[in-house]
Asks: 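Below are the structure tokens for one structure; questions will follow.
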Number of protein chains: 2
Amino acid sequence: MTQSPSIRRGRPRSFDRDKALREAMLLFWENGYEGTSMAQLVEAMGIVSPSIYAAFGSKEDLFREAVRLYVATEVEPAWQALDEITDVQQAVRTMLLGSIEAFVATRPQRGCLVVLGSGLLGGADDTIRDFLREQRQHFRDRLVKCLQRAIDAGTFRPDNDPWVLADCVLAFFAGLTIEAVDGAEKAALRESAELFCLRMFDER
Amino acid sequence: MTQSPSIRRGRPRSFDRDKALREAMLLFWENGYEGTSMAQLVEAMGIVSPSIYAAFGSKEDLFREAVRLYVATEVEPAWQALDEITDVQQAVRTMLLGSIEAFVATRPQRGCLVVLGSGLLGGADDTIRDFLREQRQHFRDRLVKCLQRAIDAGTFRPDNDPWVLADCVLAFFAGLTIEAVDGAEKAALRESAELFCLRMFDER
DNA sequence: CTATTTTTATAATGCTCAGCACATAAATAG
DNA sequence: CTATTTATGTGCTGAGCATTATAAAAATAG
């Protein structure tokens, strides 16, 4: 799939692309897309801007790659609970508590890059906002699938509406990330998540 | 409190300050603080920029006034339910459904200016972000007071923790506004809110 | 070696932004 | 009337922004 290295000529790249991408991801995660300037990226990645453009295309393209890395390394570990745990309450509980760990891992606390990474208000034709909206839709689809699977398997009451319930969980998840960046204590976030799951998935 | 109009001299103001502020509020509500330029404000308010600075001080001061107007005219009507309705479930339900009406009243749909009005990520020393954080804290305090009052009055089970429950409601509220700007149907938002209240405030 | 290719570093581009200086206009006070 | 006060309209300023033009540097191919 990658071009053979034997026919490559010219000056070799002097930096580690993956490492630079990771630095960019952390910076975007801290400051958001609009809040991150190329000057900051240059400093954090340790590369001058023409090299960034040569390696990643544009600031938008770099952000998209950073979000993909973020999802793979920061979101996926927690969200895998939705595929692995059959009990819905425990699955969502594990997903939420795992996400909270990521939110409070740094100081200042960061929310979810997919939820908060770009300005949420604004009329139209903003490609970055649309891109993050798409990613959020994937989150929703994944929650619906998890709930539907449990209903089909008979481990979850079939009078639950997976779409409405997934909306509730996703709204709560998004709200949690805002509480996180507003400085909420980890313990408070955990208590909220526990209570939410207890009440929301109580099978009476 | 206001200076007497008899000693006022000089050319009178040619525009209606309250009307101009309302136009600014609507524009900030649509595009957020960072997403709104002075050029847009000039066009929407129908005043040239020196007049805006003379009447409102700065873009930041104007935004603060706009947020206060927003809270008074758009938030307060729905949130008064928390003071007026004694049954907690009905109070929160009414507050959420009323807020949803505001979120979907325009196209494209707008979330809550207090929640989404300024970039949520970013390290420190951002006066506007801190200002909105303060406003959110007022929301939280108000929710806690409502729940505590119900517990004291004996209409709400005292084994509920008002702070944790208020966190849950506020998180859900914040998440709802994101779903709104992501284009969720009004009916879907209402169903989520109904289910959330039903489960969250179910007294068994 | 020379020619070619690719990545670096410097520095500039064109643009938008918030805010303001200045002169003019329109009102009142005496 | 004249002097004074306040608001308006034009156009500027300096900073910051993403992006790129240019040329030097560092590698390989023959």
Side-chain angles (χ1 to χ4, degrees), chain A residues 2-21 24 27-28 31-66 117-119 122-123 125-129 131, chain B residues 2-21 24 27-28 31-66 117-119 122-123 125-129 131:
Chain A
T2 87
Q3 74 280 14
S4 75
S6 57
I7 60 164
R8 206 206 152 278
R9 294 207 297 175
R11 183 173 177 173
R13 171 178 293 149
S14 67
F15 60 92
D16 183 332
R17 192 185 189 276
D18 292 342
K19 201 166 264 184
L21 176 60
L27 197 64
F28 280 130
N31 299 113
Y33 175 72
E34 296 88 354
T36 302
S37 70
M38 286 301 298
Q40 289 175 285
L41 286 166
V42 163
E43 190 188 353
M45 299 169 79
I47 329 169
V48 292
S49 65
S51 295
I52 296 177
Y53 281 87
F56 298 98
S58 67
K59 190 189 172 188
E60 283 199 15
D61 292 334
L62 174 60
F63 181 74
R64 271 182 263 262
E65 267 202 71
S118 168
D125 44 86
D126 183 322
T127 63
I128 290 296
R129 182 167 44 229
F131 170 72
Chain B
T2 86
Q3 73 280 11
S4 76
S6 57
I7 60 163
R8 206 207 151 278
R9 296 208 295 176
R11 181 174 179 173
R13 172 178 293 147
S14 67
F15 59 92
D16 183 333
R17 192 184 188 277
D18 291 343
K19 202 167 262 184
L21 176 59
L27 196 64
F28 279 131
N31 299 113
Y33 175 73
E34 296 89 353
T36 302
S37 69
M38 285 303 297
Q40 289 175 282
L41 287 166
V42 163
E43 191 190 353
M45 299 170 78
I47 328 169
V48 291
S49 69
S51 294
I52 297 178
Y53 281 91
F56 298 99
S58 67
K59 189 189 171 189
E60 283 199 15
D61 292 333
L62 174 60
F63 181 75
R64 271 182 261 262
E65 268 203 69
S118 167
D125 45 84
D126 183 323
T127 63
I128 289 297
R129 180 166 44 230
F131 170 71

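Here is the naming used below: chain letters follow the sequence lines, and residue numbers restart at 1 for every chain. Quick note: numbers below take in every heavy atom, side chains included, and nothing from hydrogens, waters or symmetry partners.
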Asks: Which is it for A/L21 and A/L62 under the side chain to side chain contact (heavy atoms under 4.5 Å, CB included) test, yes or no, and what are the steps along the way?
Replies: CA-CA 8 Å; A/L21 176 60; A/L62 174 60; 3.9 Å; yes
Asks: Using atom CZ of A/F63 as one end and atom P of D/dA18 as the other, report the distance to the nearest whole Å.
Replies: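 After rounding, the gap between these two atoms is 13 Å.
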Asks: Quickly work out the B/R17 CZ to D/dT6 P distance and round it to whole Å.
Replies: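 Checked: the CZ to P distance equals 16 Å.
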Asks: Closest approach to the side chain of A/P50, judged atom by atom: which nucleotide of C/dG19, D/dT28, C/dA9 is it?
Replies: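 Among the listed nucleotides, the one closest to the side chain of A/P50 is C/dA9.
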Asks: For A/Q40 and for B/R11, locate the closest nucleotide of DNA chain D by heavy-atom distance; then report the residue assigned to the nucleotide nearer the 5' terminus.
Replies: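 The 5'-side residue here is B/R11.
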Asks: Are OP1 or OP2 of D/dA7 and a side-chain N or O of B/S14 less than 4.0 angstrom apart?
Replies: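 Result: no.
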Asks: Of all the choices, D/dA18, C/dA29, C/dT8, which nucleotide is nearest to the side chain of A/S51 once you look at every atom?
Replies: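 Nearest listed nucleotide: C/dT8.
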Asks: Between B/G57 and B/G10, which is nearer to the 5' end of DNA chain C once each is assigned its nearest nucleotide?
Replies: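 It is B/G57, whose closest nucleotide lies nearer the 5' terminus.
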Asks: Measure from the side-chain heavy atoms of A/S37 and tell me the nearest of C/dA18, D/dC17, C/dT28.
Replies: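 Given the options C/dA18, D/dC17, C/dT28, the side chain of A/S37 is closest to D/dC17.
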Asks: Could you state the CE-C1' distance from B/M38 to D/dC12, rounded to the nearest angstrom?
Replies: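 To the nearest whole Å, that distance equals 15 Å.
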Asks: Counting side-chain heavy atoms from C-beta on, which of C/dT8, D/dT19, D/dT6 comes nearest to B/R8?
Replies: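 Within the option list, the nearest is D/dT6.
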Asks: What distance separates A/I47 CD1 from A/F56 CZ, expressed to the nearest 0.5 Å?
Replies: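 Between atom CD1 of A/I47 and atom CZ of A/F56 there are 6.0 Å.
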Asks: Whether the side chain of B/Q40 engages the backbone of B/S37 through a donor-acceptor N/O pair (distance < 3.5 Å, no angle test) should be reported.
Replies: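 Side chain of B/Q40 to backbone of B/S37: a pair is present.
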Asks: Does A/S49 have a side-chain nitrogen or oxygen under 4.0 Å from the phosphate oxygens OP1 or OP2 of D/dT19?
Replies: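 For D/dT19, neither OP1 nor OP2 has a side-chain N or O of A/S49 closer than 4.0 Å.
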Asks: In whole Å, what is the span from the CZ atom of A/F56 to the C1' atom of D/dT19?
Replies: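 A/F56 atom CZ is separated from D/dT19 atom C1' by 16 Å.
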Asks: Please state how far atom CD in B/E60 lies from atom C1' in C/dC17, giving the value in whole angstrom units.
Replies: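 Rounded to the whole Å, the gap is 14 Å.
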Asks: Let me know the distance between CD1 of B/I47 and P of C/dG19, rounded to the nearest Å.
Replies: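 Spelled out: CD1 on B/I47 to P on C/dG19 is 15 Å.
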Asks: From CZ of B/R13 over to P of C/dT28, roughly how many Å is that when rounded to an integer?
Replies: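 Distance check: B/R13 CZ to C/dT28 P gives 16 Å.
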Asks: Nearest whole Å is fine: how far is C/dT13 C1' from A/Y53 OH?
Replies: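 Rounded to whole Å, this separation is 13 Å.
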Asks: Among D/dA29, C/dC17, D/dT19, which nucleotide has an atom closest to any side-chain atom of A/S58?
Replies: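 Of all the options, the side chain of A/S58 is nearest to D/dT19.
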Asks: Can you tell me how far apart CZ (B/R129) and CD (B/E34) are? Round to the nearest 0.5 Å.
Replies: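 One gets 8.0 Å once the value is rounded to the nearest 0.5 Å.
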Asks: Not counting sequence neighbours, which residues clear side-chain contact (heavy atoms from CB on, under 4.5 Å) with A/E60? List them please.
Replies: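 So A/E60 forms a side-chain contact (heavy atoms from CB on, under 4.5 Å) with A/Y33, A/S58, A/R64, A/T127, A/I128.
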